[in-house]
Amino acid sequence: MPTMADLRDTLWKAADKLRGSMDAAQYKDFVLGLVFLKYVSDAFEERREAIREEILEQGIPESRLDMFLDDKDEYIGHGVFWVPEEARWSHLAAHAKSDGIGQLIDRAMDAIMKSNQSLAGVLPKIFNRDNVDQRRLGELVDLIGDARFTGHGDRPARDVLGEVYEYFLEKFARAEGKRGGEFYTPASVVKLLVEVLEPYAGRVYDPCCGSGGMFVQAEKFVIAHRGIQHKDDIAVYGQESNERTWRLAKMNLAIHGISGNLGPRWADTFREDKHPDLKADFVLANPPFNMSDWSRTVDDPRWRYGTPPANNANFAWLQHIISKLAERGTAGVVLANGSMSSKQSGEGEIRAAIVEADLVSCMVALPPQLFRTTQIPACLWFFDKDKSPQGAKRLADRRGEVLFIDARNMGTMVDRTERVLTADDIARIADTYHAWRGTASARAKNLKYEDVPGFCYSATLEEIRQHDHVLTPGRYVGAPEVQNEDDEPIADKIARLTKELYAHFEESARLEKVVREQLERIDG
């Protein structure tokens, strides 16, 4: 039986088939589109065989079998897409060597979209173009045909493809370099955001959702902590300005069985907010860092804390996100480090206004090299619309306080250029936040918050004012305590070392006197 590693290897070889004939962004669309097509066909055939077995076990005559096999509700009701006959992989594989394979694939994509409303306008119809080498495309179909999304133990095809899809997104992000950052956020960073916010139930929003990784991780969190029966406890809302990335996100959600609302089409969040009335319980976002070309309207009602500068959208993203928070909503945002301290073009005043509104709950300085696609140092902003105890939740009262965490020395290098936050790193940061906030998670683990020099510090607004509203954690957490490697009390050690130092001074003075006397004799 092929392993997951075998499956990923087969599919990545398929990607390499097209690598030399088109750029990374193009072959990403080709390969992920075909992989998705293969998956829906495999899942369809898997369900079709299950229906056959169920019918025959019930003693229903085989003559009536087709009636059940062709009932769309038997598939859709089990989370399986309906695949028309002309879109099934067996049909495409039989014609892989024909000159018209591209046309057949485009027709297959069209047929699936027409048969499944959630996929309308999503799948790529790019295979029958003049610049597509039909011979190589046929070879690609053969290679992908070797991949099976079913038959991996008790794991359903959807879970297997979900893992493959995430693996591919990461690989393509690396291949595309800086452009890859437009659709992919490192998995460890996403996990950290989710572990801090704990989106158990409610509306989850991402205004720049990329390929939808935040939503997938949020769903995984719910399933891991409350079971798959609660996966629909979160409602997903997102927006993406890039057409191709929007399609990737729609496919990603479809693969994971998440019925999210990403708007009827792609659109710029600042120019055309697709969810104008949304009030979210959780916002997870990784906006483009220091975006200089963005659609700004000076009198936009979202700029409650000050008009963001035209040449940098960092504080536009922050204020848009704040405007989307429900009465007790929380948010986690990845931004460039400059957002914590910049005073250019009024950014200092905007930051001060947000802090004084008591919206910032936590600031985390991230380690370098987490983002392969950019060398810009990054941080995490966490917002909490209501830092009061909140009644039955029994949260700690953190009004007028901000938690600072300096995680710059955390993480592990996985290769020469890339660092990841380990599970222990993520747990330490998240546990520190939950202990500070007094959440149910902290109570379950019996966690108690305390400042740790060099790592975390709970600052008052007055202390932040003294730092001119600069939010760099290093300013607040101080230096780590020097470890005393022996049992000698610190006061005794200082007294002993001082005595030794004075002894060295006296010896130095004695030697200086001897040298001078010898020099005087020579001169005499």
Colleague: May I ask you to decide whether R136 forms a salt bridge with E139, counting only side-chain N to carboxylate O separations under 4.0 Å?
Modeller: no
Colleague: Indicate the atoms forming the closest heavy-atom contact of I234 with K231, along with that distance.
Modeller: CG1-O, 3.8 Å
Colleague: Does D71 use its side chain to pair, donor to acceptor, with the backbone of F68 at less than 3.5 Å?
Modeller: no
Colleague: If you look only at distance, which donor and acceptor atoms sit under 3.5 Å apart when one is on a side chain in residues 86-96 and the other is two or more places apart or in another chain?
Modeller:
from : atom 1 : to  : atom 2 : distance (Å)
R88  : NE     : V83 : O      : 2.9
R88  : NH2    : V83 : O      : 3.1
H95  : ND1    : H91 : O      : 2.9

Colleague: Of all the heavy-atom pairs spanning P367 and R408, show the shortest one and how long it is.
Modeller: CB-O, 3.3 Å
Colleague: List the residues meeting ring-ring contact (aromatic ring centres under 6.0 Å, His included) with F127, not counting sequence neighbours, and say none if there are none.
Modeller: F30
Colleague: Parallel under 30°, tilted from 30 to 60°, perpendicular over 60°: which one fits the rings of W381 and F315?
Modeller: perpendicular
Colleague: Below 4.5 Å, heavy atoms only, C-beta onward: do E195 and Y433 meet side chain to side chain?
Modeller: no
Colleague: Please say whether more than 12 non-hydrogen atoms of neighbouring residues, nucleotides or ligands are located less than 6.0 Å from CD1 in I228.
Modeller: no
Colleague: Does the side chain of N286 pick up a donor-acceptor pair with the side chain of T185 at under 3.5 Å?
Modeller: yes
Colleague: Below 4.0 angstrom, N of the basic side chain to O of the carboxylate: do D386 and K393 qualify?
Modeller: no
Colleague: Salt bridge between D70 and R48, side-chain N to carboxylate O under 4.0 Å?
Modeller: yes
Colleague: Under 4.0 Å between a Lys/Arg side-chain N and an Asp/Glu carboxylate O for R47 and E54?
Modeller: yes
Colleague: May I ask you to check whether S441 and E198 show a side-chain donor-acceptor distance below 3.5 Å?
Modeller: yes
Colleague: Might you confirm whether atom CD of E327 has over 12 heavy atoms from other residues, nucleotides or ligands at distances under 6.0 Å?
Modeller: no
Colleague: Just how far is it from atom SG of C362 to atom CD1 of I405, taken to the nearest 0.5 Å?
Modeller: 4.0 Å
Colleague: Throw together a table of side-chain donor-acceptor distances under 3.5 angstrom for residues 200-208, partners on residues two or more places apart or in other chains.
Modeller:
from : atom 1 : to   : atom 2 : distance (Å)
R203 : NE     : K279 : O      : 2.5
R203 : NH2    : K279 : O      : 3.1
Y205 : OH     : H320 : NE2    : 2.8
D206 : OD1    : C208 : N      : 3.0

Colleague: Treating N116 as the side-chain partner and I112 as the backbone partner, does any N or O pair qualify as donor plus acceptor under 3.5 Å?
Modeller: yes
Colleague: V364 versus V196: any side-chain heavy-atom pair under 4.5 Å?
Modeller: no
